[in-house]
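Just below is one structure, and these are the notes that go with it.
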2 protein chains.
Amino acid sequence: MAFPPFAVTVDLVVFTIRDDQLCVLTIERGEAPFAGGQALPGGFVLPDEDLADAAARELAEETGVGKDAELERVHLEQLGTYGDPTRDPRMRTVSVAYLAFAAQLSEPIAGTDAAAAQWMPVASALTTSLAFDHGQILADGLERARAKLEYTTLAATFCRDEFTIADLRHVYELVWDVTIDPRNFHRKVLASEGFVEPTGEQTSQGRGRPAQLFTRGDATQLHPPIRR
Amino acid sequence: MAFPPFAVTVDLVVFTIRDDQLCVLTIERGEAPFAGGQALPGGFVLPDEDLADAAARELAEETGVGKDAELERVHLEQLGTYGDPTRDPRMRTVSVAYLAFAAQLSEPIAGTDAAAAQWMPVASALTTSLAFDHGQILADGLERARAKLEYTTLAATFCRDEFTIADLRHVYELVWDVTIDPRNFHRKVLASEGFVEPTGEQTSQGRGRPAQLFTRGDATQLHPPIRR
DNA sequence: CGAATAGTGTCTTTAAGACACTATTGA
DNA sequence: TCAATAGTGTCTTAAAGACACTATTCG
């Protein structure tokens with residue numbers, strides 16, 4: 001049976017928190033179209049590769065994540081598929097976008113084919129003209145991320161293995177771009193069964209009373225949700 | 001630039017309510033693989049066609065919806081993309097699934113290439129072995145539909161232009177497979193700004209006090225949500 | 001009339017938000 | 001000591017659910 005041939009790619013919206021800002025991984029394009037412009041990382045799906053595997057592979061190539069158990073600490077989910085016939089001037093391309101949440105990773109970002117990769121503050125990225133329809137993909141990814149924090153425990157994937165309630169609150173504040181009452185937030189998180197588990201340890205990293213340390217709990221969904 | 005060629009299709013999960021049951025549109029496959037088996041409707045995306053347009057076209061071909069203003073009364077959204085390398089034994093295929101909600105349509109369902117199309121109760125469809133990975137797509141679509149009723153006004157798209165609060169409640173009960181207190185539901189819907197608008201008319205279709213008729217309101221989101 | 005459904009009111013419980021207050025650190 | 005942050009308690013308000021009660025129809 002004959003069928004119209006398409007190129008299928010995956011594009012990644014990878015969020016992390018760096019320097020007190022929500023950041024997204026971008027690359028500088030090395031070739032036309034949009035040569036020299038900023039874009040989301042991504043690439044072709046291989047002939048015998050599942051879509052999620054392709055996304056994980058690209059993520060590993062761009063960030064070094066996935067080498068060992070690191071992948072376990074990254075959340076990766078399908079975001080949506082973008083297939084406007086004019087989205088890529090070279091050929092008919094359908095791109096399956098994936099959304100990733102990562103704790104601050106080891107600094108190095110070694111692109112393979114990409115000229116350079118960097119963590120760009122989302123606030124900047126939203127006002128930058130990204131290649132292809134990547135501006136739309138980023139906007140959709142941000143909205144998905146914001147919604148997911150409400151009813152899942154995924155905020156904790158932005159934190160290191162051990163974190164304080166304040167760290168977790170900070171994730172919500174940066175992603176939602178709001179301020180949250182520390183006292184009410186504290187109570188809500190502790191009341192949410194399986195969200196965080198105390199380690200028994202404490203931090204003494206700065207001024208103020210030391211905070212207890214926690215690890216991620218078993219729960220994936222929040223009942224009740226933490227609303228924006 | 002060389003790239004691996006993929007076939008790209010759209011598959012549809014079309015829900016409606018018929019005979020007091022949540023039903024999904026299925027077709028009987030006319031050719032191999034899975035000839036004679038049940039499948040979700042769908043087809044190839046055309047070389048210069050947007051994905052959403054392809055989904056709308058397939059929906060129109062299978063249901064007759066979309067001829068006129070009918071499309072306005074159908075909700076269509078992207079559900080997810082399925083691209084396991086083994087999902088279609090004939091070729092490497094990526095399918096973009098769309099989810100549709102429709103009020104009970106005019107009975108006729110004229111498939112073009114499909115051997116036959118029918119409204120199958122979802123309860124049956126979930127236990128039927130559908131072609132390809134359509135069982136998974138259906139399950140994902142059902143979960144998405146259930147979630148959407150919570151925080152959007154989309155339940156009303158299952159109703160005819162004019163409907164009663166009881167009709168709307170019935171949608172929730174059938175999709176969620178629960179029973180809902182009619183009195184609390186009534187209050188909640190009326191308190192939800194923009195969910196429904198009274199027409200001033202009444203029904204007198206059976207035993208009991210006649211109910212007021214409503215049309216869909218302007219709101220798309222529910223604040224607060226109606227929880228499962 | 002009684003059964004059935006529409007629609008309103010009221011009470012209890014749960015959770016959100018505001019905010020007073022205590023606890024424990026570093027400068 | 002004070003400033004800063006961690007953590008607890010309490011009050012008010014909003015919303016969910018249980019359910020009594022009234023309203024209006026058909027048989």
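Just so you know, these numbers come straight off a predicted model, no measurement behind them. Note on naming: letters A, B, ... go to the chains in the order of the sequence lines (proteins, then strands), and numbering restarts at 1 for each one. Hydrogens, waters and symmetry mates are skipped; everything else that's a heavy atom, side chains included, is used.
- Ionic pairing of D177(B) and R146(B) is not present here: no N-O contact between side-chain nitrogen and carboxylate oxygen is shorter than 4.0 angstrom.
- Taking the side chain as every heavy atom from C-beta outward, I226(B) and F195(B) approach each other to under 4.5 Å.
- Only one option out of L25(A), L138(A), L174(A), T157(A) pairs with F15(A) in a side-chain contact (heavy atoms from CB on, under 4.5 Å); it is L138(A).
- The two atoms that bring R216(A) and C159(A) nearest to each other are NH1-O, 3.2 Å, heavy atoms only.
- The side-chain contact (heavy atoms from CB on, under 4.5 Å) with F214(B) is formed by just one residue from the set D167(B), V189(B), L190(B); it is L190(B).
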Show me the protein contacts with nucleotides 25-27 of chain D, counting only N or O atoms at under 3.5 Å.
{"unit_1": "dT25(D)", "atom_1": "O2", "unit_2": "G208(B)", "atom_2": "N", "d": "3.3"}

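- In this structure, E150(B) pairs ionically with R228(B), as a charged nitrogen and a carboxylate oxygen lie closer than 4.0 Å.
- Checking L99(B), D140(B), V122(B) one by one against V13(B), the side-chain contact (heavy atoms from CB on, under 4.5 Å) holds for a single residue, L99(B).
- Comparing the end axes of the helix from dC1(C)-dG27(D) to dA27(C)-dT1(D), each fitted to five base pairs by superposing C1' atoms of four pairs onto the next four, gives an inter-axis angle of 0° (nearest 10 degrees).
- Residues from residues 155-164 of chain A that place a heavy atom under 4.0 Å from any atom of DNA chain D: there are none.
- The distance from atom CD of E58(B) to atom OG1 of T9(B), rounded to the nearest 0.5 Å, is 9.0 Å.
- Classification of R87(A) and D11(A) as a salt-bridged pair holds, one side-chain N sitting under 4.0 Å from a carboxylate O.
- One side chain, T26(B) or Q118(B), offers a donor N or O that lies under 3.5 Å from an acceptor on the other.
- Side-chain atoms of Q78(A) and V96(A), non-hydrogen and from C-beta on, do get closer than 4.5 Å to each other.
- Y172(B) and W176(B) have perpendicular rings, their planes meeting at more than 60° on a 0 to 90° scale where under 30° would count as parallel.
- Two residues are said to be in side-chain contact when any heavy atoms from C-beta on lie closer than 4.5 Å; D19(A) and W119(A) fail this criterion.
- Contacts of residues 216-224 of chain A with DNA chain C (heavy atom under 4.0 Å): P224(A).
- D181(A) and H186(A) share no donor-acceptor pair across their side chains, judged by distance under 3.5 Å alone.
- Atoms CD and CG, from E173(B) and D20(B) in turn, are 9.5 Å apart once rounded to the nearest 0.5 Å.
- Rounded to the nearest 0.5 Å, atoms CG (L22(A)) and CG (L142(A)) are 6.5 Å apart.
- Distance, I165(B) CD1 to dA23(D) C1': 17 Å, rounded to whole Å.
- Across all strands shown, A191(B) has no heavy atoms under 4.0 Å from either base or sugar-phosphate atoms.
- Nucleotides of DNA chain C with any atom under 4.0 Å from a heavy atom of chain B span, from 5' to 3', dA4(C) to dT10(C).
- Contacts between residues 176-190 of chain B and DNA chain D, defined by a heavy-atom separation below 4.0 Å, involve D181(B), R183(B), N184(B), R187(B), K188(B), listed by number.
- In this structure the side chain of L213(B) never reaches within 4.5 angstrom of the side chain of F163(B), judged on heavy atoms.
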